[in-house]
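Just below is one structure, and these are the notes that go with it.
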Amino acid sequence: MSKAFVLINCELGSEKQVISDLKTVDCVKKVYGVFGTYDLLADLECNRLEELRQTIISKIRRIDNIRSTKTLMGINGQC
């Protein structure tokens, strides 16, 4: 299993729609609204590292109203 956390900034007022869109992405296990520098935290888990990478690049970053992301990748064997 490959694991990552994606920190997300979205357009003001679009958080509910972005959360709804994120929940439709296969590898997304949970989405949290957070206070601070970022608006949302997405918990991802995929079978393979390449699948995880493609999910972030091709699906998450293309969701409307997402301004920026920062990805924290898990270390295999420690997740």
Side-chain angles (χ1 to χ4, degrees):
M1 280 292 164
S2 295
K3 185 133 177 102
F5 296 95
V6 181
L7 298 159
I8 300 167
N9 282 323
C10 4
E11 296 296 332
L12 186 63
S14 67
E15 294 86 359
K16 286 184 181 180
Q17 182 59 50
V18 173
I19 289 170
S20 178
D21 292 343
L22 284 166
K23 287 181 176 180
T24 67
V25 177
D26 289 336
C27 292
V28 174
K29 299 303 176 194
K30 291 190 178 189
V31 181
Y32 305 93
V34 295
F35 291 107
T37 304
Y38 296 94
D39 301 312
L40 304 172
L41 171 67
D43 180 358
L44 282 73
E45 190 174 286
C46 296
N47 291 325
R48 297 175 294 115
L49 182 61
E50 182 58 27
E51 180 184 10
L52 183 62
R53 190 178 76 76
Q54 283 301 319
T55 297
I56 294 166
I57 293 169
S58 300
K59 295 181 181 174
I60 292 176
R61 289 185 180 168
R62 293 180 186 219
I63 292 174
D64 287 340
N65 296 312
I66 288 183
R67 285 189 294 155
S68 65
T69 63
K70 180 172 276 193
T71 303
L72 305 171
M73 301 287 289
I75 298 171
N76 286 337
Q78 294 186 7
C79 296

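Below, all heavy atoms of this structure are taken into account, side chains as well, without hydrogens, waters or symmetry copies. We number each residue from 1, following the sequence as shown.
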Indicate yes or no: at least one non-hydrogen side-chain atom of [X] is less than 4.5 angstrom from one of [Y].
X   : Y   : result
L22 : I8  : yes
L52 : E45 : no
I60 : V28 : yes
L44 : K29 : no
T71 : R61 : yes

Is it the case that over 12 heavy atoms from other parts of the model lie below 6.0 angstrom from the [atom1] atom of [X]?
X   : atom1 : value
D26 : CG    : no
L12 : CG    : no
K23 : NZ    : no

Q) For the side chain of D43 and the backbone of K30, is there at least one donor-acceptor N/O pair under 3.5 Å apart? A)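 Answer holds: no.
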(Q) Has T55 got a side-chain atom pairing as donor or acceptor with E51's backbone, closer than 3.5 angstrom? (A)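 Here the side-chain-to-backbone pair exists.
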Q | Rounded distance (nearest 0.5 Å) linking atom CZ of R53 with atom OG of S2 | A |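 Spacing of CZ (R53) from OG (S2) equals 12.0 Å.
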Q. Could you give the distance from NZ (K59) to SG (C27), rounded to the nearest 0.5 Å?
A.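 Rounded to the nearest 0.5 Å, the NZ-SG separation comes to 7.0 Å.
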Does [X] belong to the same Ile/Leu/Val/Met/Phe/Trp/Tyr cluster as [Y], with side-chain heavy atoms less than 4.5 Å apart forming each link?
X   : Y   : value
F5  : V18 : no
I56 : I63 : yes
M73 : L40 : yes

Q.
As a test of understanding, state which of V31, L72, L7 forms a side chain to side chain contact (heavy atoms under 4.5 Å, CB included) with L41.
A.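 Checked V31, L72, L7 against L41; only one passes side chain to side chain contact (heavy atoms under 4.5 Å, CB included): L7.
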Q) How close do E11 and S14 get, heavy atom to heavy atom, and via which atoms? A)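 In this case the closest contact between E11 and S14 is O-OG, 2.6 Å.
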